[in-house]
2 protein chains.
Amino acid sequence: MKNPIENLNKVFESRIRLGVMSALMVNEEMNFNDLKQLLEVTDGNLATHLNMLEENSYIKVHKGFIGKKTNTTYSVTKAGEKSFKNHLNALEKMIHNIE
Amino acid sequence: MKNPIENLNKVFESRIRLGVMSALMVNEEMNFNDLKQLLEVTDGNLATHLNMLEENSYIKVHKGFIGKKTNTTYSVTKAGEKSFKNHLNALEKMIHNIE
DNA sequence: TTATTAACTTTGTATTACAAAGTACTTTTT
DNA sequence: AAAAAGTACTTTGTAATACAAAGTTAATAA
């Protein structure tokens with residue numbers, strides 16, 4: 001038997017970062033508030049996780065406006081997409097080994 | 001869009017506990033050393049994670065012998081199986097939403 | 001009798017998670 | 001014009017986790 005977790009990515013161990021990535025894979029881009037409401041987290045907590053994803057270059061931030069209101073959006077980078085898919089693959093292998 | 005992480009189980013957020021459960025779903029029972037080698041973790045670390053799984057009644061411990069040598073084995077409980085499958089389902093839904 | 005193995009527990013440190021409050025800037029409401 | 005509210009944070013503080021390393025106990029093998 002082979003180590004079932006060796007290809008899992010530490011960064012995606014967190015439920016919230018998993019949720020952010022998952023949402024951004026489906027949505028192209030989302031802003032702070034949408035993510036906050038979707039994942040039901042506090043500002044500070046979300047900001048921390050977004051920071052960690054950005055520091056790993058898995059997402060990128062775009063500060064813009066809607067009319068005159070600030071609107072910060074987040075989207076996955078190429079690297080983020082690659083790493084996340086890799087992680088999902090590892091999860092899938094683990095799951096299929098079981099079912 | 002619905003919160004993609006609301007059905008994920010906090011206990012299974014950890015890579016190592018995920019690995020333990022995954023191994024025990026496939027193997028019926030495994031002992032301390034087999035798990036340790038499979039998951040490539042230190043004694044203390046593994047013991048802690050096994051404890052947490054046991055406290056949640058997701059695994060049960062059986063202290064036995066092979067000949068005269070002690071042999072502690074671990075296996076998933078019904079509750080553990082149910083909760084873990086639930087978690088995997090939530091993961092699968094998340095993944096399929098993406099791919 | 002010394003060394004080794006199994007399965008831990010204890011100790012200590014570093015990292016992480018999270019909530020809550022604070023901040024800066026703008027916009028809407030009164 | 002003043003007050004309230006919204007956006008997107010940062011800061012602060014605390015509690016929980018993760019993990020390695022060393023210590024422990026009891027048995028067995030050399």
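Labels below follow one simple rule: chain letters A, B, ... track the order of the sequence lines, proteins then strands, and each chain is numbered from 1.
- By the 4.5 Å heavy-atom criterion applied to side chains, B:Thr70 and B:Phe65 are counted as neighbours.
- B:Leu8 is not listed as a side-chain neighbour of B:Glu13, based on a closest heavy-atom distance of 4.5 Å or more.
- Straight-line distance from the CD1 atom of B:Ile66 to the P atom of C:dA7: 8 Å, rounded to whole Å.
- For A:Asn7, the side chain to side chain donor-acceptor pair (under 3.5 Å) test picks out no residue, with sequence neighbours left out.
- Between B:Arg17 and D:dA18 there is a side-chain polar atom (N or O) within less than 4.0 angstrom of OP1 or OP2.
- Protein atom CZ of B:Phe32 is 11 Å distant from nucleotide atom C1' of C:dT9, rounded to whole Å.
- Annotation: side chain of B:Met30 is not in contact with side chain of B:Val20 (no heavy-atom distance under 4.5 Å).
- In this structure, A:Asn71 reaches the D:dA8 phosphate: one of its side-chain N or O atoms is under 4.0 Å from OP1 or OP2.
- Among the heavy atoms of the strands lying under 4.0 Å from A:Asn51 are primed sugar atoms or P, OP1, OP2 only; no base atom is included.
- In this structure, B:His62 places its NE2 atom 17 Å from C1' of C:dC8, rounding to the nearest Å.
- Within 4.0 Å of A:Lys63, counting heavy atoms only, lie sugar-phosphate atoms of the nucleic acid but no base atom.
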- Message: One character per nucleotide, please: for nucleotides 20-30 of chain D, 5' to 3', B when the base has a protein heavy atom closer than 4.0 Å, S when only the sugar-phosphate does, - otherwise.
- Response: BB-----SS--
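- Nearest to the side-chain atoms of B:Ser14 among the listed nucleotides C:dA17, D:dC19, D:dA18 stands D:dA18.
- Rounded to whole angstrom, the span from the NZ atom of B:Lys36 across to the P atom of D:dC19 amounts to 16 Å.
- A sub-4.0 Å separation between OP1 or OP2 of D:dG6 and a side-chain N or O of A:Asn33 is absent.
- The nearest whole Å value for the distance from the CG atom in B:Asp34 to the P atom in C:dC8 is 13 Å.
- For B:Asn31, the side-chain atoms get nearest to C:dA7 when compared with the rest of C:dA7, C:dC8, D:dC9.
- Contact annotation: B:Tyr74 does not reach the phosphate of C:dA6 (side-chain N/O to OP1 or OP2, under 4.0 Å).
- Using a 4.0 Å heavy-atom distance criterion, B:Leu46 is classed as making no nucleic acid contact.
- Atoms CG (B:Leu50) and C1' (C:dA7) sit 10 Å apart, rounded to a whole Å.
- Distance NE2 (B:His49) to C1' (D:dT17): 8 Å, rounded to an integer number of Å.
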- Message: I'd like to know whether A:Phe84 forms a ring pair (Phe, Tyr, Trp, His ring centres under 6.0 Å) with A:Tyr58, so could you lay out the CA-CA distance, the side-chain angles of the two residues, the decisive distance to 0.1 Å, and finally the verdict.
- Response: CA-CA 8 Å; A:Phe84 192 59; A:Tyr58 290 163; 9.0 Å; no
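- Distances shown here put every side-chain N or O of A:Thr72 at or beyond 4.0 Å from the OP1 or OP2 atom of D:dT7.
- Inter-residue side-chain proximity for B:Asn97 and B:Met94 is flagged as unmet; no heavy-atom pair is nearer than 4.5 Å.
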